Amino acid sequence: MRAAAAILLTLLLAGCAGNEAPVQQPSMYADMSVPGAKLDAPAAAIMISQYRQNNGLGAVEIDPELMRLAESQSNAMAAANKMDHDVRAPLGKRLSAGGYPATVAVENISAGYHTLAEAFSGWRDSPPHRANMLKSGVTKLGIAASYAPGTKYKVFWTMILASTESR
C-alpha cells in the first residue's frame with residue numbers, strides 16, 4: 001500500500017512539474033544579431049517614453065512613416081557596412097524626400113549593440129545621444145535594427161524622434 005501511494009505521489013508531482021510556464025525574456029533583451037530577429041517597437045516606445053517622463057518630458061508614440069525611414073537608414077548603413085548619419089543623405093533631406101513634414105527631428109544611430117537594452121544604454125550614456133532622446137517637443141518615434149552578418153558590427157540601429165506640430 002505504501003509503495004502504491006509513493007508511486008502515485010511521484011506521478012502527481014511529475015505531472016505538476018510539466019505545467020510550469022517557461023520564463024520569457026523581456027523583448028528589450030532579444031538578440032537582433034540572428035536571422036529573422038524582429039525589434040519590438042512598442043517596447044522601445046515605452047522605454048524611450050518612460051525615460052523622457054522620468055526627465056519631465058512627454059511620451060513618444062510610434063509613427064509608421066518614421067519607422068519606415070528608420071528602417072531605410074539602418075538598412076543603408078548595413079549595406080554600406082558603415083555607421084553614418086549621412087550614408088544616403090542628411091536626416092532633413094531624408095525626411096523631406098520621404099514626404100515627412102517634421103517641424104523638429106533628431107536622430108540617433110549606433111552599431112554593434114545586439115539588443116534594444118544595449119542600444120538604449122549606449123545612447124543614454126552618450127551626452128549628444130541623450131540630448132536627442134530628451135529633445136523637447138518631439139512626440140513621434142521611428143526605430144529600427146538591421147542585421148548584416150557579414151559586417152563588422154552585425155547590427156545597425158536608427159532611432160528618429162520628431163514632431164509634425166507647429167512650434
Side-chain angles (χ1 to χ4, degrees), residues 17-54 59-102 105-135 138-164:
N19 292 335
E20 293 179 25
V23 176
Q24 190 167 354
Q25 177 178 333
S27 62
M28 72 177 85
Y29 299 114
D31 189 353
M32 296 291 106
S33 68
V34 296
K38 297 289 182 207
L39 177 63
D40 186 344
I46 290 168
M47 182 183 293
I48 301 302
S49 291
Q50 287 177 341
Y51 182 66
R52 290 175 54 77
Q53 289 168 339
N54 288 343
V60 293
E61 63 183 37
I62 295 170
D63 182 290
E65 188 60 22
L66 287 180
M67 291 294 292
R68 187 187 68 72
L69 291 165
E71 183 175 11
S72 176
Q73 173 67 9
S74 287
N75 288 340
M77 290 189 301
N81 192 16
K82 183 179 182 183
M83 184 178 64
D84 182 0
H85 286 280
D86 300 335
V87 70
R88 286 186 41 236
L91 177 60
K93 285 187 178 183
R94 286 185 275 125
L95 291 171
S96 293
Y100 195 83
V106 292
E107 177 180 66
N108 283 355
I109 61 170
S110 60
Y113 297 119
H114 288 204
T115 68
L116 173 58
E118 290 173 353
F120 172 81
S121 293
W123 290 332
R124 183 197 59 214
D125 295 341
S126 161
H129 292 101
R130 181 176 53 248
N132 282 347
M133 288 196 303
L134 298 176
K135 181 75 173 172
V138 298
T139 57
K140 310 287 185 187
L141 164 78
I143 189 166
S146 295
Y147 173 54
T151 64
K152 174 182 177 181
Y153 297 110
K154 308 290 186 236
V155 183
F156 294 81
W157 294 85
T158 302
M159 179 176 64
I160 303 171
L161 298 168
S163 176
T164 56

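Values in this document were obtained by computation on a predicted structure and should not be read as measured data.
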Q) Between L69 and R94, what is the shortest heavy-atom contact and its length? A) CD2-O, 3.9 Å
Q. Less than 4.5 Å apart, any side-chain heavy atom of E65 and any of K140?
A. no
(Q) Please find the pair of heavy atoms, one from A145 and one from M32, that lie closest to each other, and give the distance. (A) CB-CG, 4.1 Å
(Q) Measuring from atom CG of L141 to atom CE of M133, what distance do you get when rounded to the nearest 0.5 angstrom? (A) 11.0 Å
Q: Using modelled atom types only, decide if a donor and an acceptor are shared between the side chain of E107 and the backbone of N132 within a distance under 3.5 Å.
A: no
Q. Nearest 0.5 Å, what's the CG-CD1 distance between L116 and I48?
A. 7.0 Å
(Q) As an exercise, state the distance from CG of N108 to CG of L161, rounded to the nearest 0.5 Å. (A) 7.0 Å
Q | Residues that R52 engages under salt bridge (Lys or Arg N to Asp or Glu O under 4.0 Å), provided they are two or more places apart | A | none
Q. Is it true that a side-chain atom of S126 and a backbone atom of G122 form a donor plus acceptor pair closer than 3.5 Å?
A. no
(Q) Suppose we screen for side chain to side chain contact (heavy atoms under 4.5 Å, CB included). Which residues come up paired with A117, at least two apart in sequence or across chains? (A) M28, Y29, T115
Q.
So does V60 get a backbone contact from the side chain of S49, meaning a donor-acceptor N/O pair under 3.5 Å?
A. yes
Q: Keeping the roles fixed (side chain from S163, backbone from T139), state whether a donor-acceptor pair exists under 3.5 Å.
A: no
Q) With a 4.5 Å limit on heavy-atom distance, are the side chains of L95 and L66 in contact? A) yes
Q. Who are the ring pair (Phe, Tyr, Trp, His ring centres under 6.0 Å) partners of Y51, not counting sequence neighbours?
A. F120
Q | Under the salt bridge (Lys or Arg N to Asp or Glu O under 4.0 Å) test, residues paired with K93 that sit two or more places apart | A | none
(Q) Looking at every heavy atom in both D31 and V34, which two are closest together, and how far apart are they? (A) O-CG2, 3.3 Å
**Q.** Closest non-hydrogen atom pair, D125 against P127
**A.** O-CD, 3.7 Å
Q. Charged N to carboxylate O below 4.0 Å: is that the case for E71 and R68?
A. no
Q. CG/N81 to NZ/K152 distance, rounded to the nearest 0.5 angstrom?
A. 8.5 Å
Q: Not counting sequence neighbours, which residues clear ring pair (Phe, Tyr, Trp, His ring centres under 6.0 Å) with Y100? List them please.
A: none
**Q.** Results of side-chain hydrogen bond (donor to acceptor under 3.5 Å, both in side chains) for D40 - residues two or more places apart only
**A.** S27
Q: Work out which heavy atom in T151 is nearest to a heavy atom in A78; give both atom names and the distance.
A: CG2-O, 3.7 Å
Q.
Has K154 got a side-chain atom pairing as donor or acceptor with P149's backbone, closer than 3.5 angstrom?
A. yes
**Q.** Gap between atom OG of S33 and atom OH of Y147 - 0.5 Å precision
**A.** 6.0 Å
Q. With side chains defined as the heavy atoms from C-beta onward, is the minimum distance between S72 and R88 less than 4.5 Å?
A. yes
Q) Does any N or O in the side chain of W157 come within less than 3.5 Å of the main-chain N or O of Y113, such that one atom is a donor and the other an acceptor? A) yes
Q.
For M77 versus T158, what's the shortest heavy-atom pair and its separation?
A. CE-OG1, 3.4 Å
